[in-house]
Every structure is written in C-alpha cells, then in structure tokens.
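To keep things clear, I will list the structure first and then write my remarks on it.
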There are 2 protein chains.
Amino acid sequence: GAGADNDLYINQAIVFIEDAIQYRSINHRVDSKSLWIYRWYYSRTCQWILSLTITVILALAFIEEPSSLTVTSDVRYRLPAWNPPCGLTESIELLCFLVFVLDVSVKSYLIGWKEFWKNKWLMAYILILIVSLADWIVSLSFFCRESVRIRRILRPFFLLQNSSMMKKTLKSINSTLPEMASVVLLLAVHLSLFTMFAMLLFARTKDNQQDKEWVVYFRNLPDSLTSLLVLLTTANNPDVMIPAYSKNRAYSIFFILFTVLGNLFLMNLLTAIIYNQFRGYLLKSVQSSLFRRRLGIRAAFEVLSSLKETPVSAQQSCVSVGALLQVLQKVEMDSRCKQAIMRSLKMCSCDQLSAAQFQKLFEELDKDAIKQHPPSPEYQSHFMQKMQFAFGHPYFGYLGNVVALANIISICVVLVMDADKQLSERDDFFLGAINCFFILYYLLEMLLKILAMGLKRYLSYPSNRFDGLLTVILLILEIATFAVYGFPHPGWRPEFMGLLSLWDMVRLVNMLIVFRFLRIIPNMKFMALVVTTLLDLVKNLRAFAGILLVVFYAFAITGIMLFKGAVVPLGNTRYIGKKPNAFVFSLWVNNFLKKKKMISWCSAHFQAEVIYCLLYVLSVHLICRWAKIYFVAWWLISSVIWVNLFVALLLENFIHKWDRRCQRESLSDIEYQRTVELMFRDVLEEPTEEELMEKLHQHPHLQLCR
Amino acid sequence: GAGADNDLYINQAIVFIEDAIQYRSINHRVDSKSLWIYRWYYSRTCQWILSLTITVILALAFIEEPSSLTVTSDVRYRLPAWNPPCGLTESIELLCFLVFVLDVSVKSYLIGWKEFWKNKWLMAYILILIVSLADWIVSLSFFCRESVRIRRILRPFFLLQNSSMMKKTLKSINSTLPEMASVVLLLAVHLSLFTMFAMLLFARTKDNQQDKEWVVYFRNLPDSLTSLLVLLTTANNPDVMIPAYSKNRAYSIFFILFTVLGNLFLMNLLTAIIYNQFRGYLLKSVQSSLFRRRLGIRAAFEVLSSLKETPVSAQQSCVSVGALLQVLQKVEMDSRCKQAIMRSLKMCSCDQLSAAQFQKLFEELDKDAIKQHPPSPEYQSHFMQKMQFAFGHPYFGYLGNVVALANIISICVVLVMDADKQLSERDDFFLGAINCFFILYYLLEMLLKILAMGLKRYLSYPSNRFDGLLTVILLILEIATFAVYGFPHPGWRPEFMGLLSLWDMVRLVNMLIVFRFLRIIPNMKFMALVVTTLLDLVKNLRAFAGILLVVFYAFAITGIMLFKGAVVPLGNTRYIGKKPNAFVFSLWVNNFLKKKKMISWCSAHFQAEVIYCLLYVLSVHLICRWAKIYFVAWWLISSVIWVNLFVALLLENFIHKWDRRCQRESLSDIEYQRTVELMFRDVLEEPTEEELMEKLHQHPHLQLCR
C-alpha cells in the first residue's frame with residue numbers, strides 16, 4: 001500500500017544520507033529487508049566486531065609457534081616463549097574465518113549478483129577465505145606440524161579490504177607504479193652498465209698486491225652488483241673505493257660518477273615522480289569521495305520526492321520539510337551537524353525544498369567543526385576579578401614555561417654532574433628538594449589557572465589537559481615517594497623499598513618533567529605550525545600506515561618462513577625465525593642490507609663469541625641468494641617507495657598549510673579539525689546535476705519514477 | 001657638437017642593449033670614456049682573463065705546501081709530493097691579486113662613487129683583497145713558514161663575486177635561512193629533550209652487566225648527544241639500541257620514536273620548507289632578470305629617441321629605423337638573434353619605431369633557439385633512393401640498438417665465464433673475434449647512415465655525433481691492436497708489447513662499447529625525458545655547483561689548517577693535513593661522522609697495522625672536540641642543506657617538464673635550449689611602462705631629456 005511504500009522511501013532516504021555521510025557507495029539493494037540488513041551491517045556494533053576480528057587474527061602471529069614475544073631479546077637470558085597447544089590458535093582462527101564468511105556473504109548479498117561480478121575485491125576476499133580455510137584444514141590434519149602456512153601471509157588482506165580509504169590509496173599507488181617502474185628500470189640500467197664498467201676496470205691483474213679491489217668487491221657478477229647496489233644506499237661508501245683509490249686517485253671518478261648519477265639524480269627523481277603523480281591521484285580520490293556524498297544526498301532527495309504525500313507539481317520535483325525532519329530524526333550522524341541542519345531547516349520559511357536547497361542543507365557536513373571554548377566564570381568580588389586578570393593573562397603561562405625551563409636546566413645540570421659518579425657516591429637530596437619545589441609550583445599554577453578560567457574552560461584547551469594530567473601524576477608520584485622514603489634530606493639515598501627504588505622514582509619524575517616541557521609548543525608560532533602539520537599528517541597517513549602494516553606483516557611472515565631453521569648459531573635456537581616483531585625486524589633488515597653489519601649484529605647478541613659468529617655468517621651465506629632478493633625487495637618497498645610516498649604527502653600537506661598560515665593567524669582562538677577532504681576543498685569541483693542524475697539512473701536496484 | 005652627442009647616444013644605446021642581453025644592471029657611468037672602458041671590461045678577452053685568474057688562484061691549493069696531488073693515495077707507496085720553492089706560488093698569487101685590484105678598481109669606477117657605497121659586494125671585495133695582501137706580506141716575511149694562512153680560506157670569495165647568478169642564488173639561500181634555522185632549532189630541541197630522556201632512561205645501575213647501553217652510548221652528556229645525533233643520520237642504527245633492546249624489548253620504543261620524529265618528520269620537513277621557500281625565490285630572481293632586460297632595452301630606446309636627427313613629434317617619442325640598424329651592427333650578440341631582429345626590422349614598413357615596437361623587436365632574445373636539421377641529399381638513381389629509404393628509416397637505428405645490446409650481452413657472458421679463471425688460463429680470442437665483427441658492423445652502420453642522410457644532416461644530431469665519434473675511436477683502437485698483436489686466433493694471449501697490453505686494449509674497447517650503448521637513450525621516451533631533465537638541471541645547477549665549490553674549498557682548507565699535524569700515525573706523514581682533494585675529502589668527512597669508521601678507514605690505508613690504528617684513533621680523540629664541531633657543521637651544510645636544495649630544484653624542474661611532456665611530444669624534431677628563464681616564462685610578469693620609466697629616472701648617471 002501507499003503507507004508501506006512511504007515507509008520504504010523514508011528508509012531508503014535514511015540509508016542514502018548515511019551513505020553520503022560515510023562516503024559509501026549507494027549501489028546496494030534498496031528493498032526493506034536489505035535496508036534493514038544494510039543498516040545492521042554498518043551499525044557500530046557490527047563494524048566493531050569486524051575490526052576486533054581483524055585485530056585478533058593479525059595479533060595471532062605474536063603467540064603462534066615461531067614467536068618471540070618475551071621481555072628480553074637476548075637468547076641467553078630469555079625464557080622459552082610460551083607455545084600454545086595445537087588447536088588453540090587454530091580454533092581462534094576458525095572463529096575469525098567464520099566472521100569473515102558472514103561478512104563476505106552479507107556484503108555480496110547487499111550489492112547484488114550483477115555488481116558482485118564487477119567487484120574484484122569481493123571475489124579476491126572469497127578466494128582468500130577459501131585458500132585460508134583449505135590451509136587451515138591441512139594444518140589441523142598435520143597436527144600443526146606443517147612447515148608452510150600460506151594463510152599467514154594472506155592475513156593482512158582482511159585488514160586491507162575492510163578500509164575504503166586504504167583501497168583508494170592502494171589504487172593511487174597502483175597508478176603510480178608504471179612511472180616508478182620506469183625509474184626503477186632506469187636504476188637497473190644504470191646499475192648494470194656501471195657493473196660492467198667496474199668489472200672491466202677492476203679486473204684481475206698479474207700483481208696480486210694490486211687487485212685488492214677485484215678480490216673484495218668485484219670478483220664476479222653477483223659480487224659486483226651487490227657492491228654497487230650497496231653503494232647506492234651509501235652504506236659501503238667510501239670503503240668500496242679505498243683499495244682502488246689508494247692505487248690511483250683517478251679511480252675515484254668512477255665512484256663519484258656512480259654516486260652522483262644514481263644517488264643524487266635517479267633516487268631524487270623517484271621522489272619527484274612520486275610527488276608529482278601522487279598529488280594528482282590523492283586529489284582525484286578526494287574528488288570521488290565528494291561525488292559519493294553528493295550522490296547519496298541526491299538519491300535521498302529523489303526517493304523523498306516520490307513520496308505519495310508530496311503534491312506533484314508539474315515542473316520541479318521537491319521534498320516536504322516534514323518528511324525530511326522525519327528522516328533526519330532517524331539518521332545516525334554527528335549531533336552537531338544534525339542540530340545545525342535542523343536549525344537551518346526551521347529557519348527556512350518554505351514548506352517544500354528544491355533539489356538545490358536540499359543539497360545546500362547538507363553542506364553543513366563538509367564544514368570544519370569549529371570549537372568554541374566555554375566562557376570564564378564571572379566573579380563579583382573586585383579582588384577575584386584582579387586575580388582572574390592576572391592568572392588568566394598569557395604572561396602567567398609564559399612564566400610557567402620559564403619555570404619549566406628552569407626545572408629542565410636544573411635536572412640537566414645534576415645529570416651532567418652525576419654522570420661519572422659511582423652509584424654509591426650519588427646523593428638524591430638536591431634533585432629531590434628541587435623537584436619538590438617545582439612540583440608545588442606546577443600545582444599552584446594549575447589551581448590558579450582553574451580559578452581564573454573555570455574548570456570547564458581550563459579543560460577545553462588540549463595544552464591545559466596535557467599540563468594538568470602530568471601535574472596530577474607528578475603530585476601522586478611525589479606523595480608516594482615521600483610516603484615510602486620520607487622527606488628529602490642530605491644523604492637521601494635509601495635502599496630499595498616497595499615497588500620502585502627511590503632512584504627509579506626520581507628518574508620517572510624527571511622524565512615526566514621533561515615530557516611536560518612540551519607544553520611550550522603552542523606558544524612558539526613556528527613550532528605550533530610544524531606540530532599541527534605533523535598531526536594533520538598523522539591523520540591523513542592512516543591509510544598509508546595501514547598499507548605499510550600490511551607490507552610489514554607480509555614481509556615479516558615471509559621472512560619467518562624463508563629463514564626458519566636456517567640460522568642456528570647457539571644450540572638449536574632459531575634466530576631470524578623468531579621475529580614477528582615487525583617494526584624492529586624491519587629496522588634490522590634495513591640495516592642488514594645497508595651496512596652488512598652481520599658480524600657486529602650478532603656480536604652484540606652473542607657477546608663476541610667469535611665461533612658462533614662465524615657459524616652464523618656461514619649459515620647466512622648458505623641462504624645468501626634468497627636472502628639477497630628478499631632484502632633488496634624489502635629495501636625497495638620500505639626504504640625507497642614508502643619513504644618517498646611519505647615525503648610526497650608531507651610536501652603536499654606542508655605547502656598547503658604554509659600558504660594558509662596568514663589566514664589562520666587571525667583565527668587563533670578557533671581550532672579546526674582538518675581532514676584530507678578539507679585540505680583540498682579549494683580545488684575540488686562540485687559534480688553537476690546531469691552527472692548525478694546519470695549516475696542515479698545507472699543504479700542497479702533503484703528504479704526512479706521519472 | 002651634435003655629431004659628438006649623436007655618437008655618444010649611439011654608444012650608450014649599444015651598451016644598454018648589450019646590458020639587456022647579458023641581464024646586467026644599467027646603473028653605470030654613461031660618458032664616452034667610461035663607455036669605452038665598460039665595453040672593454042666586459043669584452044670576452046677581459047672576462048676570460050678574469051676567469052683564468054680565478055681558476056689559477058683556486059688551483060694553487062693543489063700544489064701549495066700541504067698538498068697530496070700524487071697518483072696513489074697510499075702513503076706507503078707514495079712518492080713525496082713536489083714542494084714548490086718558497087716564492088713561486090706566492091708570486092703567482094701576487095699576480096692574481098694585481099688582476100683583482102685592477103678588476104675592483106674598474107668596477108668601482110664604472111658604477112660611480114655614490115653607488116659604490118651601496119654595493120656591499122664591492123666593499124667586501126676590497127676588504128678581502130686588503131686582508132689577503134696583508135696576509136701575503138706576513139707569509140713572505142716568515143719565508144713561507146707561518147702556520148695559518150687566512151687568505152686561503154678567503155679565496156673562494158673571488159669566484160663568488162664574479163658571478164651574478166651565484167650572488168642571486170646566495171641571496172635566495174640567505175632568505176631561506178630563517179625558516180631553515182627554525183627547523184634546525186626544532187631539531188636541536190628534539191635532540192636535547194631526547195638526550196635528557198636517554199640519560200634518565202639508560203642510567204648507571206648497580207649491576208654492571210646490565211648497563212651496557214650506558215657504558216657505550218650514554219655515559220655523559222656529550223656522548224649521549226653524539227649517539228643520538230649519529231642516530232639522526234641512521235648510521236649507528238640499530239647498534240645503538242641493541243644493548244637496551246636485549247635487556248627489554250620495550251626500550252626500542254624510545255629509539256623508534258626518536259627516529260620517526262627526527263628522521264622521518266623533521267628531516268623531511270626541511271625538504272618541504274626548502275622546496276616551498278626556494279621555489280618562490282628562484283622565480284623572483286628570474287623575474288628581476290627579466291626586469292633588467294626590459295630596462296636595458298627601454299634605456300636604449302630613450303637615448304636613441306633623443307638623437308638630434310629624429311623629428312620631435314609632439315605626443316610620442318620614437319626611434320628611426322636607420323639609427324637602430326646602425327646600433328645593431330655594432331652590438332655584440334648572438335648572430336642568430338641579430339639576423340632575426342634585422343629581418344623583422346626590414347619587414348617592418350614604417351620608418352619610425354614606437355617604444356612598444358622597439359621592445360617587441362627585441363623579444364627575439366627571449367625565444368627558444370629552434371634548431372633545424374639540414375635536409376637529406378636527393379639522389380637521382382632509383383637504387384640510391386631505395387637505399388636512402390631503407391637506411392634512413394628509424395628501424396635501421398633500432399636494428400643498430402639491438403646489435404649493440406647483443407654486443408653488450410656477449411661481453412657480459414665472457415666476463416662472467418672468465419670471472420674465476422686464472423690469468424694464465426684466459427684466452428682473448430673469443431672476445432677479440434666477436435668485437436672485431438661488431439666493430440665492423442658499427443662502421444658499416446655509420447657509413448650507410450651518412451650515405452642516407454648526408455654528412456651534414458648526420459652530424460647535426462647529437463646522438464649521431466656521439467655514435468660516430470665512438471665508432472671511429474673503436475676502429476682506431478682495433479686497427480692498432482691488429483697492427484701490434486696480429487689478427488685474433490685461438491690462444492691469442494701475447495705478452496705485454498707497446499704502450500698497452502692486449503688485455504688492456506681489449507678492456508678499453510669493451511668499455512667504449514658499453515659506453516656506446518648509451519645511444520639507446522633517445523629512443524626510449526621516458527629515458528629521454530629523464531635525461532633531458534637531468535641536462536637542464538645541470539645547466540640550472542651551475543650557480544649551485546659554484547656555491548658548493550666555494551663551501552667545499554673553504555671547508556677543505558679549514559680542515560687542513562685545523563688538523564694539520566694532529567694526525568701522525570706513520571712516521572711523520574700528516575694525513576688529513578694533506579687533502580685538498582675536496583671531493584674525496586667530503587666523501588670521507590661525511591662518512592667519518594656518519595659511520596664512525598675511523599678504524600676501518602685507517603686500516604684500509606695502513607693495512608690493519610693495529611698499533612698505528614690505535615695511535616691514530618688516540619690522536620683523533622685528542623682533537624675530538626674541534627673535529628666534532630667541524631664534522632657536524634659539514635654534515636649540516638653538505639648533506640642536509642645542499643642535498644635538500646638539490647631536491648627542491650629537481651622537483652621544480654621535473655614537475656615543470658612533466659607538465660609539458662604532451663606539448664613537447666608533437667614537436668619531436670625541434671630541439672629547445674632551455675634555461676632557467678625559459679622554464680618560468682609562463683608565470684613571469686612583464687614589467688609595466690611606469691615601473692621602467694621610474695627606474696630609468698632613478699639612474700644615477702643618465703639624464704633623460706624628458
């Protein structure tokens with residue numbers, strides 16, 4: 001009937017508006033049941049469960065069999081890591097897989113059969129789930145003793161497919177790949193030509209004394225290639241040229257040419273290309289987000305305009321304010337936005353909204369959130385007003401900064417004086433007394449500021465929250481210290497008592513004081529600019545960080561699989577085989593290629609037990625070929641491509657910010673919440689009505705009346 | 001009289017137009033005598049003598065007393081360097097100083113007394129000349145045995161002041177300094193806060209086993225600062241964190257935070273700032289060049305318009321075509337431009353030129369030089385026409401590339417096969433025979449191409465010139481080989497004869513063949529783009545390279561003076577004290593700070609004679625404080641600032657080029673000669689008439705009639 005139809009239209013409008021808010025595609029089923037499933041699927045609870053599942057399945061690597069999640073990394077002191085019994089991690093995995101199966105089936109159902117075949121991500125999702133489940137069955141049937149577990153490398157895919165921003169970023173990176181490949185090809189040509197030159201230049205001679213260069217670096221093709229590849233990372237510079245250089249200075253020309261061409265020109269060209277290419281693609285992806293939002297709003301307008309209660313005017317379709325209010329009440333969105341839209345809807349005198357008016361109402365969504373600080377309390381007493389003026393004044397804040405600086409300097413002086421003292425000579429009295437005084441000052445400052453600004457206004461500034469929290473923690477620590485060790489007095493150096501020794505307590509307090517010093521940042525214009533740029537960057541970098549995490553994870557798992565059991569220097573302890581700690585792992589791997597410091601690396605671990613070191617290096621040499629390819633791939637991805645992407649994003653962000661600096665200075669009291677969408681707002685193009693309608697008519701499930 | 005006046009005006013016009021061509025300032029004296037001196041001073045001979053003098057005085061460092069210009073850098077094999085007798089280099093220096101005195105007096109005279117006081121460069125020039133001469137007298141009175149020679153550090157100034165482009169670039173860099181200083185300050189704050197954290201975190205503990213981190217890296221304030229500064233260059237990563245990491249994995253968070261904040265954010269922020277700032281300033285300096293050009297042309301117009309022969313029309317001043325032709329004939333300028341201007345002057349039907357027409361005539365100067373290739377010869381015979389079609393076709397060039405690639409691959413295969421062979425087992429027959437065949441093919445290719453294109457057209461392509469030259473050299477080498485060693489046959493491995501052994505000859509031929517392979521570059525679109533970008537960059541980089549040379553020179557000389565006699569590991573041979581070889585020096589110094597590889601460095605030289613090494617390290621430690629400051633300064637300037645400047649310029653150049661790629665593809669047969677001025681042409685603003693006239697009326701020596 002008409003009522004049911006009306007309900008359906010209202011529900012469709014709600015979902016379309018929610019799609020617009022979340023930048024989601026509107027190409028899903030729009031019948032009542034599907035809409036209910038759709039809202040349920042995108043409800044907070046469901047999405048939270050999905051995120052949790054992804055986190056759990058990724059975190060499994062830390063407790064699975066070749067894991068090294070222990071406090072110390074030193075194999076000599078380390079307790080054997082806890083090995084979960086066979087079936088424990090596997091059953092958690094199965095649970096996760098079931099959630100993913102549910103996820104993929106709901107998603108596939110919602111977009112419909114036709115769309116499913118166009119969606120490569122969904123198909124890959126299903127494929128990966130099938131492979132993972134098959135691998136899981138194999139794993140269980142071997143009682144967890146199989147050596148290769150493909151499903152582990154595939155795990156990061158679940159993270160990737162769940163974030164539309166990451167998928168977009170990956171698409172952008174993908175489009176940049178041909179250009180990057182050209183430069184990498186150029187690098188390869190550069191490398192191979194210079195390798196041939198080097199092999200001809202540093203050939204074996206009759207005089208064994210004279211061909212050190214040949215023996216060490218250019219003995220054969222793989223050696224020469226490696227030497228020059230490492231020179232490209234500047235790691236073996238100038239070692240690689242020393243033997244030739246001591247024979248004849250002119251040989252240095254070869255190395256200088258290679259470094260200047262390869263390192264200075266080609267590597268930086270990569271930065272330029274990535275910056276140039278990526279700039280465009282980021283803008284494009286933001287543009288398509290904007291299109292999705294406008295399309296969602298427009299779709300909502302269209303379905304609302306076909307409500308039966310609307311009088312069918314001849315020329316223009318329009319929407320009644322009442323229906324929109326009904327929809328808005330049910331839409332889940334930011335309450336600030338909702339209130340703003342309601343307000344402007346009430347202020348609008350008309351009863352019917354045209355498409356343009358409708359679209360304009362929702363422009364509130366694109367606006368910056370402007371944060372207003374609550375007002376200071378108004379005191380009646382004249383004395384209190386004076387107090388308020390004095391302690392609410394910026395100069396009082398500056399005084400606080402000066403005191404914090406004095407505190408830092410005093411700590412620094414004590415540290416320098418105590419640097420070479422024996423532990424038994426040290427006296428904590430001086431530092432204890434000073435810190436006690438300073439912390440009292442901080443407490444006083446906080447209380448006076450609260451008095452002047454009122455608690456609400458005080459807490460509305462992030463710098464005050466930071467300041468206040470640290471002051472409270474410092475106070476608690478100081479009270480705890482006094483409670484356990486008594487007040488400071490000369491020779492205040494009691495033995496270990498309670499949870500932490502006095503020395504540890506004092507260190508902790510000092511560290512917190514150093515940390516608290518960061519409150520000066522907002523007071524220095526340039527620093528504030530830099531820090532806000534960095535914070536924006538972190539926001540915009542989430543997608544990148546996700547992709548980096550995916551790559552890290554895949555590389556770490558591959559590394560574990562490749563080098564499992566290959567390195568057995570001390571007894572039977574696998575070393576590289578036990579590093580899913582991806583961050584540290586990457587640092588090492590990077591360094592591995594970069595500095596060939598294998599010996600120093602293992603000597604740091606095994607305390608220069610030379611025999612083990614040699615064993616270690618030998619076993620590394622056995623797996624040398626695989627390791628080389630693996631490490632070069634890692635270097636290219638993590639060091640070359642990712643760092644350049646990062647630089648490109650930073651350049652983009654910073655230059656935008658810098659241009660607006662003057663503009664922003666006038667609005668110093670207003671804090672913006674900037675996103676990547678807002679950064680590009682000036683250059684974005686609004687989609688035209690025709691584009692929107694054409695797209696709407698292509699919708700696979702929605703039949704518009706006209 | 002009027003004739004003399006007319007002559008003066010003509011001469012003024014000539015000089016102003018020459019000023020415009022060379023982007024020189026027109027603020028010089030304009031009386032007849034001064035104009036003669038001015039033209040003489042800026043004549044090719046005079047400028048060439050000046051450049052030669054600068055080169056000579058800079059090159060003196062290579063033969064002056066602590067010099068190491070010997071073939072080998074190995075102190076054990078090295079013959080003692082030739083020490084010029086006292087008075088030789090000094091008298092050359094005096095000659096140079098006299099030239100500079102002449103230079104500065106002419107320059108000062110020409111710009112006039114009033115302008116002189118405004119020109120800081122000239123005053124600094126005089127000051128430096130006085131200081132140098134005083135130092136020279138001191139030097140002679142000590143019979144060349146004084147230890148400190150200030151004038152050596154001052155020498156690069158002479159290079160700097162002679163190039164207006166370098167002065168401009170220096171000004172740009174100077175304007176960027178405040179921003180850079182902010183980031184460097186931020187880096188310093190970052191470093192000092194983390195140093196304090198580190199000192200509190202890695203303090204001495206009771207258990208001596210446990211505080212390895214403290215002992216090695218964070219013993220006191222200078223040590224901690226150095227450790228973290230070196231970590232900022234990623235050189236001691238991950239060594240610095242290994243002891244702490246093996247105690248507790250959580251310590252790695254500290255190092256990761258430090259590296260991410262310092263290395264990834266702050267260092268790249270420096271790139272962003274320099275890019276952002278420098279972009280504007282480069283444009284600005286190009287804009288001021290354009291203004292100088294327009295001003296010179298306008299000044300020429302004004303003086304020509306006050307010629308007596310010109311009819312004084314009431315409204316507009318104008319210039320007779322005859323006078324301009326007279327001026328043009330005497331102006332020294334590019335003959336292509338002169339012809340183009342003459343041609344358009346003749347095509348212009350009018351007898352008088354207005355200011356706008358006059359300006360428009362000289363716009364030829366701003367245009368790209370378009371190079372037309374001479375036509376191919378036209379053959380009568382049908383056979384020859386077919387030949388011409390076949391061998392003038394691009395596919396014939398591609399075939400040549402394929403053959404060159406085949407040659408490269410064959411050399412590579414032989415190299416790989418011969419890699420581990422003993423010298424006595426080697427047989428040069430195979431390579432000799434192959435190369436003989438390939439070189440014959442190259443000769444044939446060259447001759448056929450000349451046949452098809454004609455010699456003139458063949459030579460008009462740079463790639464053909466490169467190709468032909470190498471082919472001829474290869475042919476000569478091959479003929480010489482056959483003349484000395486006979487034709488290749490199995491077991492073709494004769495002993496050393498003549499200038500080069502057969503093996504050396506073959507190596508040389510192979511190297512040239514590898515080098516010749518670069519001819520493929522223009523055939524690959526992306527490569528060609530990259531290479532032209534690089535070539536443009538090199539052109540635009542001359543000013544930067546000059547400034548870098550100045551900094552290099554000053555640092556090298558300072559290093560020689562600071563570390564003279566400080567390092568005496570082997571007998572009495574000063575080592576660091578003997579390195580004016582600035583390039584290699586910088587590589588080492590960079591590495592010195594970066595990798596603390598002092599031991600490996602000296603072991604490379606002194607063949608691991610450990611005692612000497614220890615002596616060496618010890619003596620370095622004695623001068624450690626000075627060395628540290630010196631090296632940190634060097635790292636900041638060469639590695640951080642200069643590389644970032646380079647990246648900024650590359651980004652700028654590349655992005656401009658990339659945007660025009662499509663545009664250029666259509667004009668593939670036309671070669672442009674791009675300069676930094678042309679790169680920015682789209683965004684340059686033409687100066688208005690009012691600006692020009694205002695500037696002309698401010699001219700200190702020129703009195704305009706109206």
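Values in this document were obtained by computation on a predicted structure and should not be read as measured data. Letters A, B, ... are given to chains in the order of the sequence lines, protein chains preceding strands, and every chain is numbered from 1.
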*Which residues satisfy the side chain to side chain donor-acceptor pair (under 3.5 Å) test with Asn268(B), sequence neighbours excluded?*
none
*Which of the residues Leu518(A), Val416(A), Ile408(A), Ile273(A) is involved in the greatest number of heavy-atom pairs with chain B at under 4.5 angstrom?*
Ile273(A)
*Region of Phe265(A) that comes under 4.5 Å of a non-hydrogen atom in chain B*: both
*Using the side-chain contact (heavy atoms from CB on, under 4.5 Å) rule, take Met267(A) and Asn644(A) through it: C-alpha gap first, then chi angles, then the decisive distance, then the call.*
CA-CA 9 Å; Met267(A) 285 302 211; Asn644(A) 277 326; over 6 Å; no
*Which heavy atom of Leu650(A) sits nearest a heavy atom of Ala272(B), and at what distance?*
CD2-CB, 3.7 Å
*Results of side-chain contact (heavy atoms from CB on, under 4.5 Å) for Leu186(A) - residues two or more places apart only*: Leu266(A), Met527(B), Val530(B)
*Taking Thr271(B), Leu201(B), Leu185(B) one by one, which has the highest count of heavy-atom pairs under 4.5 Å against chain A?*
Leu201(B)
*For this output row, return yes or no: ring centroids of Phe255(B) and Phe202(B) closer than 6.0 angstrom.*
yes
*Which residue out of Leu221(B), Leu415(B), Leu264(B) racks up the most heavy-atom pairs below 4.5 Å with chain A?*
Leu264(B)
*asked:* At a 4.5 Å cut-off on heavy atoms, which part of Phe515(A) comes close to chain B: side chain, backbone, both, or neither?
replied: both
_Part of Val189(A) within contact of chain B (heavy atom distance under 4.5 Å)_ = side chain
